[in-house]
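The structure displayed is predicted, hence computed values, not measured ones.
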Amino acid sequence: MHGQSRVTSDLLLRAYAEGIFPMAEQRDSPVLYWVSPEARGVIPLDTFHIPHRLARTVRSGRFRVTFDIEFDAVIRACAAPGRGDRRQSWINAEIVRLYTELHAQGHAHSIECWREDELVGGLYGVNLGGAFFGESMFSTERDASKVALVHLVERLKRGGFTLLDAQFLTEHLSQFGAVEIVRDEYLELLQDAIAIEATF
């Protein structure tokens with residue numbers, strides 16, 4: 001996408017319904033481009049796997065978990081450079097603007113993990129019907145983003161969601177049962193999911 005035509009939140013939702021999402025080359029790039037991977041990463045909700053050590057962490061209550069309390073802080077933390085082995089973020093100012101709009105409209109959500117009053121991890125994503133599109137996560141304390149993911153999956157299951165889109169399969173996500181499927185199969189799952197009325 002070229003810089004001249006400004007993307008709207010409505011256009012963004014229509015793109016998600018077609019299996020397309022935007023990225024920037026890097027954090028300070030002014031331009032977005034559209035992505036529709038040939039191989040799509042998804043996390044099957046019915047076979048979501050919680051590693052034993054992480055399950056202990058979740059049960060311990062080490063982190064206080066909230067929903068949609070600090071969306072702006074979460075997306076900005078996800079955009080921050082230099083955490084872990086990721087030196088550059090694909091979340092630019094335009095993405096922050098668009099997804100903050102979606103959040104105001106009830107189509108984007110955040111999950112926050114707190115240690116006392118400090119935000120130490122979280123994730124955000126987009127919901128459309130019974131599909132949830134995980135966008136990015138961050139953690140400044142071990143396991144905080146993973147705990148957020150566990151709570152996300154529980155909420156999606158309770159709300160009647162059928163698809164958790166992870167965009168790309170990573171080694172990090174494969175430990176939770178994430179799999180890679182071809183685009184055509186993904187689009188079938190997507191069309192079924194967005195026809196459902198689910199509650200975040």
Side-chain angles (χ1 to χ4, degrees), residues 12-21 23 35-69 71 74-75 78 99 102-103 105-113 121-139 142-200:
L12 189 53
L13 287 177
R14 290 204 303 274
Y16 271 100
E18 299 294 331
I20 303 166
F21 57 88
M23 296 180 79
V35 183
S36 177
E38 287 186 21
R40 194 77 167 227
V42 298
I43 302 176
L45 293 170
D46 53 353
T47 56
F48 182 71
H49 172 71
I50 306 175
H52 291 305
R53 188 183 60 76
L54 179 61
R56 284 200 303 274
T57 301
V58 172
R59 286 195 303 270
S60 75
R62 186 201 306 172
F63 303 113
R64 178 169 60 90
V65 179
T66 58
F67 298 85
D68 287 336
I69 298 296
F71 183 89
V74 169
I75 192 170
C78 289
Y99 288 80
L102 285 185
H103 174 64
Q105 296 166 7
H107 281 292
H109 301 280
S110 59
I111 297 181
E112 304 91 15
C113 283
L123 59 83
Y124 77 95
V126 173
N127 72 292
L128 196 58
F132 190 90
F133 309 88
E135 285 296 317
S136 188
M137 53 174 57
F138 85 98
S139 185
R142 181 175 176 173
D143 288 342
S145 61
K146 295 177 183 177
V147 169
L149 178 61
V150 171
H151 282 269
L152 170 67
V153 168
E154 282 307 309
R155 178 162 280 224
L156 296 181
K157 286 179 175 178
R158 284 201 308 270
F161 285 78
T162 60
L163 176 63
L164 174 50
D165 175 9
Q167 297 178 344
F168 302 103
L169 181 65
T170 64
E171 192 176 331
H172 172 71
L173 292 175
S174 62
Q175 67 185 302
F176 299 103
V179 296
E180 202 169 60
I181 59 177
V182 297
R183 183 190 287 136
D184 286 350
E185 185 182 349
Y186 170 78
L187 291 174
E188 284 184 23
L189 290 175
L190 176 62
Q191 293 311 309
D192 289 345
I194 61 178
I196 292 170
E197 281 192 35
T199 306
F200 185 80

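A 4.5 Å side-chain heavy-atom check between F48 and V150 finds at least one atom pair inside the cut-off. Between L45 and V153 there is a side-chain heavy-atom pair separated by less than 4.5 Å. Between Y124 and S136 the shortest side-chain heavy-atom distance falls below 4.5 Å. Side-chain contact between K146 and H172: present, with at least one pair of heavy atoms (C-beta onward) separated by less than 4.5 Å. Side-chain contact between S110 and I75 is absent, with no heavy-atom pair separated by less than 4.5 Å. You'll find the side chain of L12 reaches within 4.5 Å of the side chain of Y99, heavy atoms only.
Among pairs with a residue in residues 48-58, those fulfilling side-chain hydrogen bond (donor to acceptor under 3.5 Å, both in side chains) read R53-D143, at least two apart in sequence or across chains. Pairs passing the side-chain hydrogen bond (donor to acceptor under 3.5 Å, both in side chains) check and including a residue from residues 154-168, sequence neighbours excluded, read R40-D165, E135-Q167, D165-Y186.
Rounding to the nearest 0.5 Å places CD of Q175 at 11.0 Å from CD1 of I50. To the nearest 0.5 Å, atom CG of residue L128 and atom CG of residue L102 are 9.5 Å apart. Note that the CG atom of L123 and the CD1 atom of I111 stand 4.5 Å from one another [nearest 0.5 Å]. The distance from the OG1 atom of T170 to the CD atom of E180 is 10.5 Å, given to the nearest 0.5 Å. Between the CZ atom of F176 and the CG atom of L149 there is a distance of 5.5 Å, given to the nearest 0.5 Å. In this structure, the separation between CG on L189 and CG on D184 is 11.0 Å, given to the nearest 0.5 Å.
Between A131 and I194, the closest heavy-atom pair is CB-CG2, 4.2 Å. Residues V74 and G122 share a closest heavy-atom pair of CG1-C, 4.3 Å. Of all heavy-atom pairs between T199 and F161, the closest is O-CE1, 3.4 Å. When all heavy atoms of E112 and F67 are compared, the pair lying nearest together is OE1-N, 3.4 Å. Scanning all heavy atoms of the two residues, the minimum distance from L190 to G19 falls at CD2-N, 3.5 Å. Closest approach of S36 to R183, counting heavy atoms only: O-NH2, 2.6 Å.
In terms of modelled atom types and a separation under 3.5 Å, the side chain of Q191 and the main chain of A17 share a donor-acceptor contact. Listed for the H107 side chain is no donor-acceptor partner under 3.5 Å among the backbone atoms of V126.
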Candidate pair L169 and V179, rule side chain to side chain contact (heavy atoms under 4.5 Å, CB included), full reasoning: CA-CA 7 Å; L169 181 65; V179 296; 5.7 Å; no
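Two rings, from F133 and F21, have their centers 6.0 Å or more apart.
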